[in-house]
2 protein chains.
Amino acid sequence: MTNSRKTSFQDVRDEVIRRIQDREWPQGTLLPTEFELAEEFGCARATVNRAMRELAERGIVDRKRKSGTRVAVAPVKQAVFEIAVVRHTIEETNATYRYALVQRTLATAPDWLAAQLNLPDRARALQVKCMHYADNRPFQFENRWINVDAVPDVLEADFASLGPNEWLLERVPFTDAEIGLTSVAADASLSEFLAIPLATPVLQLDRTTWFQGQPVTYVRMSYHPGYRMSTRY
Amino acid sequence: MTNSRKTSFQDVRDEVIRRIQDREWPQGTLLPTEFELAEEFGCARATVNRAMRELAERGIVDRKRKSGTRVAVAPVKQAVFEIAVVRHTIEETNATYRYALVQRTLATAPDWLAAQLNLPDRARALQVKCMHYADNRPFQFENRWINVDAVPDVLEADFASLGPNEWLLERVPFTDAEIGLTSVAADASLSEFLAIPLATPVLQLDRTTWFQGQPVTYVRMSYHPGYRMSTRY
DNA sequence: GAGTGGTCTAGACCACCGC
DNA sequence: CGGTGGTCTAGACCACTCT
């Protein structure tokens, strides 16, 4: 016997998905109530609820009390990019990871950074520039500013062998982040570190992170040309 | 009185998050069992389960049968980019959207496309090039190929006033998609359409979509310089 | 084998919202 | 007001996996 002793919420979920995909329930259709579906599938209402809640989270259906559940009209597609530590990204491709510190400077935060992070006047920031290599080929250039007030310990970190990203993750797990993706032309510095011609198009990811409302760090990560950030959904 | 008549799964979830953020339960800590937490919070185990399942989905904790629940060590942060229809992206900024068809060509699929979409030999593909403007300024250039076998109706669509993206979404909701983001230099065609100098860095999003295993369309969307794809998490 | 999470049930009450 | 989804409970059995 197959392992279908009970009607599971996954059975309900998958069958509803099938009916939607097969146009048995076209866009905008009002679905049966949870009670009716529970009867049809011969299961408890909670089981149907579990299945439908998942569909609602995925944006496949819209649910409203009293109104009922409808097949979503314009499903908002979401692409989930996993932002992992660079080292993991590299090691996943079976390449050898190498880290190199380029510069570590303590200074008062420049105006634009103070504005970006909403820092008080004359706040101190630690700037860290470093490189990440895959099989000894330049993979990513990292340019980071760390809010010293938020992470006083950072003054004792030399970042000689461990990158600031991994260092921070171990100590100050952030609660909020803002990410941006742009395309920029390599300037003189970038072209040297990434070993590419001047003005080569480069994918640049910038991120600002906060811990419980306090700004922690701002970072710009520039990838080697040809890097493709990808995902499925 | 506040509406806290019962211990809700949200209370449990938020309290657990607090303890993790406040380092009461540092990374790697083994959490109490569901039964113990249920006792502590004075609620049913199912309630605790609901809360913990949500944290597991967010990657905040790792759960394993028998082993128990642990605070995730290197929380894999996920960035969710909403891939909306261009028109919505533009109208959200209160700009006026304008669409223009550039080219519509029916031909046999070129080899590279056949390979990309896994099409049979000599399959027909409809190529559609078009522009999306925001307040009459070039916003995005779209270059798309549509698998005619998957969407025969497409031959009757002229795409004169409605873009292929919106047309397809109404008819062939895809089930799977693969997305990539790269940075490219504007070629001659792109520099004309986007009104930018040759070789300007441009953010390019490419996407292949399938409907129940059958390839539907492949599209490259090139954004105007300065476009920043962003999100929070 | 035994401990832990995963799921299901049957019933209950509540919250929202359209009528 | 009444219908629908949202959630909680108490108990049960199952499935995975560590020892």
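The basis for the numbers below is simple: all heavy atoms, side chains too, and nothing from hydrogens, waters or symmetry mates. Residue numbers begin at 1 in each chain, while the letters A, B, ... track the order of the sequences.
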Whole-Å distance separating the [atom1] atom of [X] from the [atom2] atom of [N]:
X	N	atom1	atom2	result
B:R53	D:dT7	CZ	P	11 Å
A:R45	D:dT9	CZ	P	16 Å
A:K66	C:dC19	NZ	C1'	6 Å
A:F41	C:dT7	CZ	P	18 Å
B:M52	C:dG6	CE	P	9 Å
B:K64	C:dT4	NZ	C1'	12 Å
A:D62	D:dT4	CG	C1'	15 Å
A:R70	C:dC17	CZ	P	15 Å

Problem - Members of residues 30-39 of chain B that approach DNA chain C, where some heavy atom sits under 4.0 Å away - result: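 Only B:T33, B:E34 qualify.
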
Of the listed nucleotides ([options]), which one gets closest to any side-chain atom of [X]?
X	options	answer
B:A44	D:dT9, C:dG3, C:dC8	D:dT9
B:R63	D:dG5, C:dG5, C:dC8	C:dG5
A:R65	D:dT4, C:dT9, D:dT9	D:dT4
B:A46	D:dT9, D:dC16, C:dT9	D:dT9
A:Q10	C:dT7, D:dT9, D:dT4	C:dT7

Please determine if a side-chain N or O atom of [X] lies less than 4.0 Å away from the OP1 or OP2 oxygen of [N].
X	N	answer
B:T47	D:dT7	no
A:N49	D:dG6	yes
A:S67	D:dG3	no

Practice task
Have a look at B:R50 and say if it touches a base, only the backbone sugar-phosphate, or nothing, with a 4.0 Å heavy-atom cut-off.
Solution key: sugar-phosphate

For the pair [X] and [Y], find out whether any cationic side-chain nitrogen is under 4.0 Å from an anionic carboxylate oxygen.
X	Y	answer
B:R228	A:D206	yes
B:R87	B:E166	yes
A:R220	A:E142	no
B:R19	B:E40	yes
B:R63	B:E34	yes

Problem - Partner residues of A:A134 under the side-chain contact (heavy atoms from CB on, under 4.5 Å) criterion, sequence neighbours left out - result: A:I90, A:A95, A:F139

Completion exercise
B:R53 meets the side-chain contact (heavy atoms from CB on, under 4.5 Å) criterion, sequence neighbours left out, with A:R50, A:R53, B:N49, B:R50, B:E57

